[in-house]
Each structure stands twice: as structure tokens, then as C-alpha cells.
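What you see is a predicted model; the values in this text were computed from it and never measured.
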Amino acid sequence: HMERLASGGQLFRTAIAQSSTTTPSHASLMTSLYLHDHNVYSNFEAVGQDPQTIAQILQAQGYKTFAMVNMRHMNPEVSNLGEGYDTFIRSGNMRRAEESIDEFVKWVDENQGGKFFAWLHLVDVHTPYRPPPPYDRLYYDGDERDPENDSLAKIWDLLPFHMSDHPYFRTWLAGIRDLDWVTAQYKGAITYVDDQIGRLMDALEGRGILDKTAMIVTSDHGECLGEHDMYFVHTGLYDPTVRVPLITYFPDSGRGGVEVHEVVELVDLMPTALEYLGVESPRAIRGRSLWPLIHGQIEPERIAISEHAGRNMVALRSARYKYIRHLRTKRLQPSYPFRKGVEELYDLSVDPGEEHNIAQESPEIVAMFRRELKERRQQRLDMDIGQAELNQDTIQVLRALGYVR
């Protein structure tokens with residue numbers, strides 16, 4: 001179904017998220033600002049009053065606005081991302097994509113006519129991966145509790161302690177022995193979400209509005225399933241955690257079935273959508289409209305920036321290279337400790353897995369990225385953050401998801 005959407009829209013092969021953590025990445029997506037602008041560096045922080053979100057902009061233009069989130073830290077009192085929505089359905093816990101799609105379609109039916117903007121936050125591919133039947137067995141036909149299998153136990157010590165020792169996490173994997181089963185649940189969850197996106201497209205088509213409705217499908221971050229000995233987490237800034245899917249569907253644009261291979265960022269989505277809608281973008285944003293790329297024009301190369309939660313590290317991503325600089329010394333991830341001052345450089349043209357650090361033998365390229373990073377820091381807007389209201393239940397859920405305060 002996502003391929004179906006892309007066949008009539010635009011597929012971006014190298015889309016980079018501004019963070020590998022939910023709230024900071026969503027803050028950048030919704031405001032077209034970098035982390036060092038809005039200063040939201042964790043799921044325990046809220047966006048301040050200065051950034052203007054796309055929902056606020058479109059609400060002021062007369063759009064009816066709808067949002068449904070499925071993680072507690074996305075609720076307005078925690079993230080402050082609820083501004084600009086006429087209807088905001090909060091998260092009590094993680095609801096399945098099917099329920100979210102049903103609620104949105106119901107809202108569409110109740111608000112027929114006029115323009116609308118909606119944010120649907122689907123969380124089924126986040127830990128813990130729990131796709132419903134039959135998706136839970138689509139990619140696995142073995143015995144996940146086979147006492148002869150100890151593949152999960154072999155990697156258990158590679159998991160962050162605050163995650164592996166949490167009762168929620170342990171309950172999810174209680175009795176499971178096969179690592180392949182966990183990966184199969186992730187794959188099943190992706191197929192489940194794909195089917196639900198298909199249901200949404202069919203519902204809009206059945207109501208005669210699919211060809212009038214622009215759609216963007218993306219993710220706030222990725223997931224490690226063994227890369228760099230990291231499992232079920234999105235720690236670090238390697239491509240598995242910051243290179244994200246991105247499909248746009250803009251009816252009547254005349255650019256269906258387009259593939260874009262240049263580096264783009266999540267901050268680019270707001271100005272792209274606003275240009276399509278004929279709405280002016282705010283001046284103080286970081287994103288650029290993707291319409292020149294969609295139309296096949298040659299644009300100056302973009303170097304994307306991603307920042308790690310807690311200001312632990314920063315990465316710059318060009319078409320060919322990935323540069324990572326460690327800003328703090330921490331051991332959040334057993335297999336990947338952060339050490340202040342460490343620099344990593346990968347030539348993605350020959351090393352897409354980011355396995356061979358060539359920083360020592362490529363001083364000129366490292367120097368170029370250092371200059372770029374220094375310039376970015378000098379240009380930061382450095383806005384005040386908001387006040388997140390956190391209760392103990394929300395904090396415990398965040399810990400179970402692998403986040404620490």
C-alpha cells in the first residue's frame with residue numbers, strides 16, 4: 001500500500017530525521033527547526049511558545065485540524081505539540097493503528113466539507129513490537145520458546161540496563177528464547193501498518209476525497225535490529241536510526257511516481273506542504289521546499305544534521321559521507337559507549353553499513369565537517385523550551401521504551 005501511494009506520489013530515498021528520539025524529532029518535523037533551535041532534546045521536555053507549528057499555521061488559514069497520538073509523552077501537557085488542533089485525541093496507552101484510522105475516518109465523516117489538516121501518530125513499529133494475528137506469524141513459523149534456542153539470551157547483555165531490567169520490557173519477552181521471533185514481530189508490525197495505510201487510502205477513495213487529499217508518510221526515527229550490536233533501540237546516529245522512510249502524495253502535481261535520491265530532511269516537509277497549499281512559510285525556519293527536487297531540478301547539495309537526545313552527539317550527513325562527533329562521555333548503550341571528542345567518518349558509497357571509521361585517514365574531509373558544524377552552531381536560534389508535565393506512570397512507560405531521564 002505504501003508502494004501504491006508512492007506510485008502516485010514521490011518517494012525520497014535518503015530522508016534524514018533530525019533526531020533519533022520521538023519528541024525532539026517531532027518538534028523538528030512540526031516546526032521546521034533543528035534541535036539546537038527549539039532546544040527539545042528528550043521525551044521529558046516540551047516545545048516552547050516561540051516555534052510556530054504547521055497545525056497553527058493551517059488552523060489560522062481556516063483548516064479544521066485533527067491529531068491523534070499513541071504515546072503518553074506526545075500528549076499536549078508533556079510535549080506541548082497540541083497547539084493548533086481543534087480536535088486532539090490523547091494517548092492513555094499505545095492503541096493499534098486500526099483504531100487510530102477508524103477514529104480519523106469517523107472524524108472526517110463528522111466534518112465533511114472544507115479543508116482539513118490531520119496528524120496520525122502510529123506507534124505499532126515501536127518497541128514492544130506486538131502485531132496482532134496473523135501478522136505476528138507472517139515472518140516466523142518456529143517455536144519462539146524452544147529451550148534449545150538461546151539466541152535471545154546471547155544478546156541480552158547488549159541491551160541498555162534500564163530497558164532490559166524494566167518489568168514492562170521483561171513481560172513482553174517473558175519465555176521468549178529466539179531472537180528471530182523478535183525481528184519477525186517488527187516485520188509483522190510493518191506489514192500491519194502498511195495494511196492500515198491501505199485501509200485509510202481506501203476509505204478516503206470511497207468518500208471521493210483521496211484525489212483531493214495530500215498525504216505524507218514518514219517516521220520520526222528508525223530502529224536498530226543488530227547493527228553495531230544494538231538491538232530493539234534507536235541509540236546513536238547511524239543510518240538505521242536516522243534515515244527514515246518518506247513518501248509524499250500531492251494530487252494534481254503532475255509528478256506521480258517520482259524518486260528523489262538527494263539528501264532531504266524532515267524539516268523540509270513543512271515548507272513543501274505549505275508551498276503546495278499556497279500558504280507562505282514562516283521566515284525563521286530551517287527547511288527548504290522539496291518542489292525543485294520533485295521537478296528534477298539540480299539543487300546545491302544538502303548536508304543534513306541529526307542530534308542525539310541529551311546532547312550526547314551530533315551527526316552531519318551528505319550524499320557520500322556520515323560524520324559523527326561525540327559531545328559527552330556516557331555508557332547508555334553497552335556496545336556503543338559515547339566518548340567526548342571522538343569523531344567518526346564513514347564513506348557511505350563503499351561502506352553503507354558504517355562499519356569502517358576513516359576519520360584518522362581523512363583529515364581534510366573531517367576538517368570540512370568541523371567547519372560545517374561550527375557554522376551551524378553559530379547560527380542556532382536557541383529558543384526557550386516549555387514546561388513538561390510528567391507523572392510517574394508516564395516516566396515508567398518512557399523507561400520501558402528505552403528512554404532515561
Side-chain angles (χ1 to χ4, degrees), residues 16-25 27-28 34-45 127 155-166 169 221-224 226-243 303-317 321-346 351 353-363 365-378 380 382 385 388 395 398-405:
I16 305 300
Q18 269 48 77
S19 178
S20 58
T21 299
T22 303
T23 304
S25 188
S28 290
Y34 293 134
L35 270 66
H36 59 235
D37 295 321
H38 57 64
N39 273 320
V40 177
Y41 278 89
S42 81
N43 291 331
F44 300 89
E45 296 173 334
T127 48
I155 63 96
W156 197 262
D157 289 341
L158 298 175
L159 303 176
F161 176 76
H162 61 269
M163 186 175 177
S164 63
D165 194 51
H166 197 284
F169 190 83
H221 58 72
E223 192 86 326
C224 282
E227 299 89 349
H228 298 271
D229 283 334
M230 290 186 277
Y231 291 86
F232 327 139
V233 294
H234 29 280
T235 306
L237 297 174
Y238 295 120
D239 265 17
T241 61
V242 294
R243 184 180 179 186
I303 296 180
I305 185 169
S306 302
E307 296 187 72
H308 195 268
R311 306 173 193 262
N312 292 313
M313 53 173 39
V314 61
L316 296 173
R317 170 67 148 82
Y321 294 104
K322 166 73 71 63
Y323 169 79
I324 300 172
R325 183 175 182 85
H326 297 226
L327 304 177
R328 294 185 176 183
T329 298
K330 281 192 177 180
R331 195 174 179 83
L332 296 177
Q333 177 68 42
S335 61
Y336 185 46
F338 306 148
R339 297 185 179 93
K340 184 177 180 179
V342 166
E343 294 175 295
E344 302 175 55
L345 181 69
Y346 301 96
D351 180 25
E354 300 161 287
E355 297 285 350
H356 308 290
N357 184 3
I358 60 171
Q360 292 295 325
E361 60 240 53
S362 307
I365 299 173
V366 169
M368 182 274 290
F369 280 113
R370 287 175 182 167
R371 290 193 297 270
E372 178 72 20
L373 182 57
K374 182 179 180 180
E375 184 177 335
R376 297 288 184 98
R377 285 173 167 168
Q378 290 173 341
R380 66 178 181 261
D382 202 17
I385 62 171
I395 292 172
L398 283 166
R399 286 197 64 232
L401 294 173
Y403 301 115
V404 291
R405 191 179 189 183

Hey, does Arg317 have a side-chain heavy atom less than 4.5 Å from the side chain of Ile303?
-> no
Look at the side chain of Asp239 and the backbone N and O of Arg243, then say whether any donor-acceptor pair between them is shorter than 3.5 Å.
-> no
Compare all side-chain heavy atoms of Ile305 with those of Arg376 and state whether any distance is below 4.5 angstrom.
-> yes
Without swapping roles, check the side chain of Asn43 against the backbone of Thr23 for a donor-acceptor pair under 3.5 Å.
-> yes
Any residue meeting salt bridge (Lys or Arg N to Asp or Glu O under 4.0 Å) with Glu343, in chain and number order, not counting sequence neighbours | Arg325, Arg370
Value for CD (Glu354) from CG (Leu237), rounded to nearest 0.5 Å, stands at 9.5 Å
Measure from the side-chain N and O atoms of Glu375 to the backbone N and O of Glu372, and report whether any donor-acceptor pair falls under 3.5 Å.
-> no
Side-chain (Thr241) to main-chain (Tyr238) donor-acceptor, under 3.5 angstrom | yes
List the atom of Ala17, the atom of Ser25, and the distance in Å for their closest heavy-atom pair.
-> CB-OG, 3.9 Å
What distance separates Leu316 CG from Ser306 OG, expressed to the nearest 0.5 Å?
-> 8.5 Å
Distance flag, aromatic centroids of Tyr336 and His326, threshold under 6.0 Å | yes
Are Thr235 and His308 side-chain neighbours, meaning at least one heavy-atom pair lies under 4.5 Å?
-> yes
Nearest 0.5 Å please: distance from the OH atom of Tyr321 over to the CD1 atom of Ile365.
-> 3.0 Å
Any donor-acceptor pair under 3.5 Å linking the side chain of Thr329 with the backbone of Lys340?
-> yes
Apply side chain to side chain contact (heavy atoms under 4.5 Å, CB included) to the pair Ile324 and Met313, showing each step before the final yes or no.
-> CA-CA 7 Å; Ile324 300 172; Met313 53 173 39; 4.1 Å; yes
Does any N or O in the side chain of Arg380 come within less than 3.5 Å of the main-chain N or O of Arg377, such that one atom is a donor and the other an acceptor?
-> yes
Flag, side chain of Ser20 to backbone of Val242, donor-acceptor distance under 3.5 Å = no
So His38 and Ser28, side chain to side chain contact (heavy atoms under 4.5 Å, CB included) or not? Walk me through it.
-> CA-CA 8 Å; His38 57 64; Ser28 290; 2.9 Å; yes
Mind checking whether Gln333 and Met230 have side chains closer than 4.5 Å, heavy atoms only?
-> yes
Steps toward side chain to side chain contact (heavy atoms under 4.5 Å, CB included) verdict (Met163, Thr127) | CA-CA 11 Å; Met163 186 175 177; Thr127 48; 4.2 Å; yes
What's the verdict on side chain to side chain contact (heavy atoms under 4.5 Å, CB included) for Cys224 and Phe232, showing C-alpha distance, side-chain angles and the deciding distance?
-> CA-CA 6 Å; Cys224 282; Phe232 327 139; over 6 Å; no
Take atom CD in Glu361; do more than 12 heavy atoms of anything else shown fall under 6.0 Å from it?
-> yes
So, is the end of the Arg328 side chain (NZ or CZ) under 6.0 Å from the ring centre of Phe338 and within 45° of the ring's axis?
-> no
For Pro240, which of Glu223, His221, His228, Glu227 qualifies under side-chain contact (heavy atoms from CB on, under 4.5 Å)?
-> Glu227
Within the 6.0 Å centroid threshold, strictly below: Tyr346 and Tyr323 | no
Hey, are the side chains of Val366 and Pro363 touching, using non-hydrogen atoms and a 4.5 Å cut-off?
-> no
Between Glu307 and Tyr41, does any side-chain donor sit less than 3.5 Å from a side-chain acceptor?
-> yes
Could you tell me the separation between the CD atom of Glu45 and the CG atom of Leu35, rounded to the nearest 0.5 Å?
-> 9.5 Å
Counting only N and O atoms by type, is there a donor-acceptor contact under 3.5 Å from the side chain of Asp37 to the main-chain atoms of Tyr34?
-> yes
Please round to the nearest 0.5 Å and tell me the distance separating atom CD1 of Ile385 and atom CG of Asn39.
-> 7.0 Å
When rounded to the nearest 0.5 angstrom, what is the spacing between OH in Tyr231 and OG in Ser335?
-> 9.0 Å
